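Since we're looking at a predicted model, the values are computed, not measured.
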Amino acid sequence: MKATAIHSNQFSVLENCPLFQGIPKNQIIDILNYMVCDMLPVQRDSFIAMEGETYRQISIILSGDVAIKKIYGSGKSVTVTTLGPGDIFGELMVFTERTLPSTVYAQTNVDLLQLPQQEVLRLSQEQPLFLQNLIGLLSNKIWMLNEKLKLLSYGSLQQKIASLLLEYYRQQQTLDLTLPFSRQEMADRLGVPRPSLSRELAHMKKAGYIDFWKNHVRLLQLETLEGIMIE
């Protein structure tokens with residue numbers, strides 16, 4: 001495809017995409033001019049890819065919002081995570097024979113730049129920074145999956161919440177935390193219904209462990225939260 005096929009605002013998103021981090025603008029333009037890839041527009045409320053399908057490509061979201069969903073036989077679904085402009089999906093599937101573990105759904109009108117497996121291989125050989133960025137993304141994704149497994153292993157919802165808050169305390173080095181997700185996303189991350197999460201947060205606030213407003217949480221009893229983890 002040609003770089004001119006991408007609008008200026010979409011190119012700005014691409015420049016800030018983790019896959020192209022550190023690669024000069026002129027090199028990104030050269031990559032786009034010689035890359036064999038597809039621009040895919042997807043209408044709102046459409047399925048991009050279904051669980052059980054093969055997906056041998058990396059997709060970069062140039063515009064719109066995408067949900068990764070787990071859909072059960074009963075028809076019920078759980079949103080695993082949501083993605084927006086600059087985010088990518090498919091990076092864990094591009095080099096495996098396994099099929100997609102979840103369904104990819106367009107929450108709004110979406111524009112995707114899709115890099116097929118052979119182009120990912122070529123770019124990895126020709127662009128060391130691209131390969132470094134891809135390895136970094138894969139490493140972060142594996143770390144996040146391990147963290148999610150750890151959260152799901154705790155017996156009580158209070159332990160799960162305490163573990164998540166203590167992790168962000170270690171990252172941000174402050175008792176006044178800013179969480180980078182909504183209450184619904186927090187519930188999805190912990191694998192619990194949102195009403196259950198809200199009730200437990202209210203209980204922990206009433207007990208004096210924490211205080212919170214919107215996506216801000218203040219840890220009031222750090223030692224108590226740490227003690228919850230070993231109950």
Side-chain angles (χ1 to χ4, degrees), residues 9 12-13 15-19 21 44 60-70 76-89 91 102 104-108 110 133 136-231:
N9 59 327
S12 177
V13 170
E15 281 187 289
N16 293 304
C17 172
L19 275 177
Q21 184 176 353
R44 178 177 181 171
I60 303 171
I61 303 171
L62 297 179
S63 65
D65 296 309
V66 166
I68 309 298
K69 291 178 172 286
K70 191 72 178 178
K76 293 183 178 180
S77 66
V78 173
T79 299
V80 178
T81 190
T82 55
L83 305 172
D87 291 329
I88 71 172
F89 60 89
E91 71 276 19
S102 304
V104 187
Y105 181 80
Q107 292 185 307
T108 64
V110 171
N133 292 338
L137 281 168
L138 293 174
S139 298
N140 286 334
K141 185 64 68 71
I142 292 169
W143 181 87
M144 290 174 62
L145 290 172
N146 285 335
E147 284 297 300
K148 189 160 189 176
L149 284 174
K150 182 177 74 174
L151 287 173
L152 294 175
S153 71
Y154 291 122
S156 72
L157 177 53
Q158 191 171 97
Q159 286 179 317
K160 294 178 182 181
I161 295 171
S163 176
L164 185 65
L165 296 179
L166 290 171
E167 178 61 36
Y168 277 93
Y169 166 70
R170 286 188 288 270
Q171 290 181 19
Q172 299 180 15
Q173 292 294 301
T174 176
L175 295 174
D176 292 310
L177 308 178
T178 300
L179 302 181
F181 38 70
S182 67
R183 192 66 54 81
Q184 181 61 59
E185 289 169 336
M186 184 177 180
D188 292 339
R189 185 167 182 169
L190 296 176
V192 299
R194 179 173 174 175
S196 299
L197 172 63
S198 296
R199 283 194 298 271
E200 189 58 44
L201 286 173
H203 170 75
M204 294 174 74
K205 180 177 181 178
K206 185 177 180 180
Y209 303 160
I210 62 173
D211 194 9
F212 60 86
W213 58 102
K214 296 185 179 179
N215 67 327
H216 300 282
V217 178
R218 176 173 294 165
L219 308 184
L220 301 176
Q221 296 186 29
L222 185 61
E223 290 186 4
T224 300
L225 292 172
E226 292 172 339
I228 288 171
M229 304 305 305
I230 57 176
E231 290 179 351

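Nearest heavy atoms, G84 versus I61: O-CB, 3.5 Å. Of all non-hydrogen atoms in K214 and R183, the two that sit nearest each other are O-NH2, 3.4 Å. Scanning all heavy atoms of the two residues, the minimum distance from P18 to G86 falls at CD-O, 3.4 Å. When all heavy atoms of P85 and G64 are compared, the pair lying nearest together is CD-O, 3.3 Å. When all heavy atoms of F181 and L164 are compared, the closest pair comes out as CZ-CD2, 3.9 Å.
Looking at heavy atoms from C-beta onward, Y209 lies in side-chain contact with I228 at the 4.5 angstrom threshold. Contact of the L175 side chain with the L220 side chain is not registered, since no non-hydrogen atoms from C-beta on lie closer than 4.5 Å. Residues S63 and V13 are not in side-chain contact: their nearest non-hydrogen atoms beyond the backbone lie 4.5 Å or more apart. Residues E91 and L138 have side chains in contact (heavy-atom distance under 4.5 Å, counting atoms from C-beta outward).
When atom types are taken as modelled, the side chain of N140 and the backbone of L137 share no donor-acceptor pair closer than 3.5 angstrom. The closest donor-acceptor contact from the side chain of Q221 to the backbone of G208 lies under 3.5 Å. Under a 3.5 Å cut-off, the side chain of D65 and the backbone N or O of T108 do not form any donor-acceptor pair.
With rounding to the nearest 0.5 Å, the separation of CG in L165 from CE in M186 is 5.0 Å. Residue I68 holds its CD1 atom at 13.0 Å from OH of Y105, rounded to the nearest 0.5 Å. With rounding to the nearest 0.5 Å, the separation of CE in M204 from CG in L157 is 8.5 Å. With values rounded to the nearest 0.5 angstrom, E185 atom CD is found 9.0 Å from T79 atom OG1. To the nearest 0.5 Å, atom CD1 of residue I161 and atom CG of residue L190 are 6.5 Å apart. Rounding to the nearest 0.5 Å places CD of E200 at 5.0 Å from CD of Q158.
No more than 12 heavy atoms of other residues, nucleotides or ligands sit less than 6.0 Å from atom CD of E223. Environment of OH in Y168: crowded, with over 12 heavy atoms of neighbouring residues, nucleotides or ligands closer than 6.0 Å. Atom CD of E226 has more than 12 heavy atoms from other residues, nucleotides or ligands within 6.0 Å.
Shown are T224, I210, D211; of these, the side-chain contact (heavy atoms from CB on, under 4.5 Å) with L219 is made only by I210.
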